[in-house]
2 protein chains.
Amino acid sequence: MLSYTEENYLKALLKLSFQNEAKPEAGTNEMAAHLGVKPATATDMLKKLKEKELVNYKKYGKILLTDSGKQQAIAILRKHRLWETFLYEKLDFSWDEVHEVAEQLEHIQSNKLVDKLEEFLGFPEFDPHGDPIPKANGDMPKVEKILLSEVKEGEVCWVVAVKDTSTVFLQYLEKLEITIGTPIKVLERIDFDGSMSIQISDQEARNVSMKFAENLFITLHQR
Amino acid sequence: MLSYTEENYLKALLKLSFQNEAKPEAGTNEMAAHLGVKPATATDMLKKLKEKELVNYKKYGKILLTDSGKQQAIAILRKHRLWETFLYEKLDFSWDEVHEVAEQLEHIQSNKLVDKLEEFLGFPEFDPHGDPIPKANGDMPKVEKILLSEVKEGEVCWVVAVKDTSTVFLQYLEKLEITIGTPIKVLERIDFDGSMSIQISDQEARNVSMKFAENLFITLHQR
DNA sequence: AACATTTGTTAGGCAAGTCTAACTTTTATA
DNA sequence: TATAAAAGTTAGACTTGCCTAACAAATGTT
């Protein structure tokens with residue numbers, strides 16, 4: 001049985017792994033920042049999780065969930081998203097209120113509870129934020145994602161991943177204040193060179209190149 | 001904000017106070033036994049709770065909740081019983097399954113959650129075991145209830161709650177088709193061993209032990 | 001009232017999870 | 001490639017909640 005804290009580390013690792021499917025590893029500082037603890041603390045816990053064979057970890061190396069660790073992390077994510085759905089759908093919580101309480105509820109230990117809750121909610125596929133809810137067996141509806149370059153004029157989409165993971169590209173994204181989840185509206189497509197005019201979040205219109213648009217994964221349904 | 005553990009101590013103290021309304025105090029060993037810890041551990045925690053002015057406690061003295069402590073304990077009890085009701089009514093948990101999960105759920109911190117849950121359940125007055133659910137302000141419907149063992153021959157009564165909430169007892173009740181609200185007629189009392197012959201609903205006469213009769217709360221006025 | 005039993009406390013230790021400060025390794029850059 | 005910066009680790013300390021073992025107080029019994 002995992003402690004509350006151990007569960008949070010696994011969940012953080014799973015989340016970080018989603019941010020870059022090609023390289024689902026994380027660093028110690030990254031983990032620590034995500035969990036609101038100091039890097040030293042994360043190091044300690046990673047050693048412990050390694051002992052339990054939940055993560056692959058080596059000194060100064062990148063961190064990766066093992067199959068077992070991933071499975072457990074997905075179970076927690078499943079609970080989190082089901083509870084969010086419950087709060088939103090049944091108890092009239094607002095979009096931004098659900099997360100905090102679900103953070104607590106996700107640690108309740110009872111398989112029966114989770115499965116019954118899912119049934120009670122009518123086997124929902126997505127949570128209030130549009131994120132897919134893993135099934136009891138760990139299956140998770142794969143969300144179709146496309147490249148920004150495929151989006152039609154006037155459509156709004158949300159960033160879900162990057163194709164190119166080079167430093168230059170990532171730094172460019174950072175400069176544009178684009179991260180996972182950022183909404184983008186395609187204002188105009190220029191056929192001549194494949195560039196486009198887009199609106200990032202609530203920023204002013206801005207032009208980006210075809211190369212740029214072909215390296216950013218987005219989805220048309222917020223998640 | 002109280003820790004999970006502190007909350008459990010307060011709740012235990014409240015429960016013990018219910019066991020003898022005239023003397024709602026508890027002893028260190030009693031507390032420890034109830035919580036499954038050693039007396040030394042309870043002593044430590046009681047000092048801490050005294051610091052926080054949640055209990056009245058003096059070396060070698062009896063332990064009593066302060067007003068503030070009682071208030072907090074009741075809030076926890078409220079959550080526990082609302083969650084039990086939720087599990088039983090909405091998720092089809094059985095009588096004897098609700099407690100364990102509610103033990104976890106009662107520690108979730110969110111006033112909004114509790115109040116919304118109560119509303120969702122239709123402001124129930126009693127939980128699945130027949131125990132009254134405290135209101136948000138701490139009010140708790142006072143129920144006059146007596147033990148089946150106190151009922152005179154020939155009288156009819158209605159089950160309102162169970163004293164023993166162990167799985168064996170609850171499953172026995174289930175087998176006898178006794179739930180909250182079931183009418184029982186006391187046909188005969190055997191002075192020799194305290195057992196009695198009773199009629200459950202419209203079933204045939206049946207003998208039950210003194211131990212049984214001393215663990216079933218009933219009321220003489222249908223509710 | 002004296003002694004035995006029960007009840008409760010103290011002292012010292014342990015594990016989990018956190019921290020700070022100092023150190024080491026890796027990575028980036030001039 | 002040498003050096004600076006970033007990333008990561010180690011050591012030592014703190015808090016919470018728990019334990020055991022030894023001791024102290026209160027209670028019950030003859």
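Bear in mind the structure is a predicted one, so any value in this text is a computation, not a measurement. We name chains A, B, ... by the order of the sequence lines, and we start the count at 1 in each one.
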Q.
Does any part of the side chain of A/Ser149, heavy atoms only, come nearer than 4.5 Å to the side chain of A/Glu214, both counted from C-beta?
A. yes

Q: In whole angstrom, give the distance that lies between atom NZ of B/Lys58 and atom P of C/dT9.
A: 13 Å

Q) Would you say the ring centroid of A/Tyr4 lies under 6.0 angstrom from that of B/Tyr4? A) no

Show the distances under 3.5 angstrom between N or O atoms of the protein and N or O atoms of nucleotides 10-14 of chain C.
unit_1 : atom_1 : unit_2  : atom_2 : d
C/dT10 : OP1    : B/Lys59 : NZ     : 3.2
C/dT10 : OP2    : B/Lys47 : NZ     : 2.6

Q: Could you state the atom-to-atom distance from CD of B/Glu25 to C1' of C/dT7 in whole Å?
A: 15 Å

Q.
Using a heavy-atom cut-off of 4.0 Å across all strands, would you classify B/Tyr9 as base, sugar-phosphate, or nothing?
A. sugar-phosphate

Q: For A/Lys145 and A/Ile218, indicate whether the former's side chain and the latter's backbone hold a donor-acceptor pair under 3.5 Å.
A: no

Q. For the pair made of CE in A/Met31 and P in D/dG8, what is the distance, rounded to whole Å?
A. 11 Å

Q: In whole angstrom, give the distance that lies between atom CG of B/Leu49 and atom C1' of D/dT16.
A: 13 Å

Q: Nearest whole angstrom, please: distance from the C1' of D/dT15 to the CE of B/Met45.
A: 12 Å

Q. Going by heavy atoms in the side chains, are B/Val162 and B/Asn215 under 4.5 Å from each other?
A. no

(Q) Counting the atoms with a prime plus P, OP1 and OP2 as sugar-phosphate, which does B/Thr5 contact under 4.0 Å by heavy atoms, base, sugar-phosphate, or nothing? (A) sugar-phosphate

(Q) What is the distance, to the nearest angstrom, from the CG atom on B/Leu35 to the P atom on C/dG8? (A) 14 Å

Q. What one-letter contact string describes nucleotides 1-7 of chain D from 5' to 3', where B marks a base within less than 4.0 Å of any protein heavy atom, S marks contact via sugar-phosphate atoms alone, and - marks no contact?
A. ------S

Q: Determine, step by step, whether A/Glu6 and A/Lys52 satisfy the side-chain contact (heavy atoms from CB on, under 4.5 Å) criterion, reporting the C-alpha distance in whole Å, the side-chain angles of both residues, the deciding distance to 0.1 Å, and the verdict.
A: CA-CA 10 Å; A/Glu6 288 168 332; A/Lys52 296 194 177 185; 2.8 Å; yes

Q: Please examine the side chains of A/Leu49 and A/Tyr9, heavy atoms only from C-beta on, and report whether any two atoms are closer than 4.5 Å.
A: yes

Q: May I ask you to decide if the ring planes of B/Phe120 and A/Phe86 are parallel, tilted or perpendicular, using 30° and 60° as cut-offs?
A: perpendicular

Q) When the distance from NZ of B/Lys50 to P of C/dT9 is rounded to whole Å, what number comes out? A) 11 Å

Q: May I ask you to say whether B/Glu119 pairs ionically with A/Lys90, meaning some side-chain N is under 4.0 Å from a carboxylate O?
A: no

**Q.** Atom-to-atom span, CD of A/Glu6 to P of C/dT18 - whole angstrom
**A.** 10 Å

Q | Sequence neighbours excluded, every pair satisfying side-chain hydrogen bond (donor to acceptor under 3.5 Å, both in side chains) that has a member inside residues 63-84 of chain B | A | B/Arg78-B/Asp115, B/Arg78-B/Glu118, B/His80-B/Glu84, B/His80-B/His99, B/His80-B/Glu106, B/Glu84-B/His99, B/Glu84-B/His129

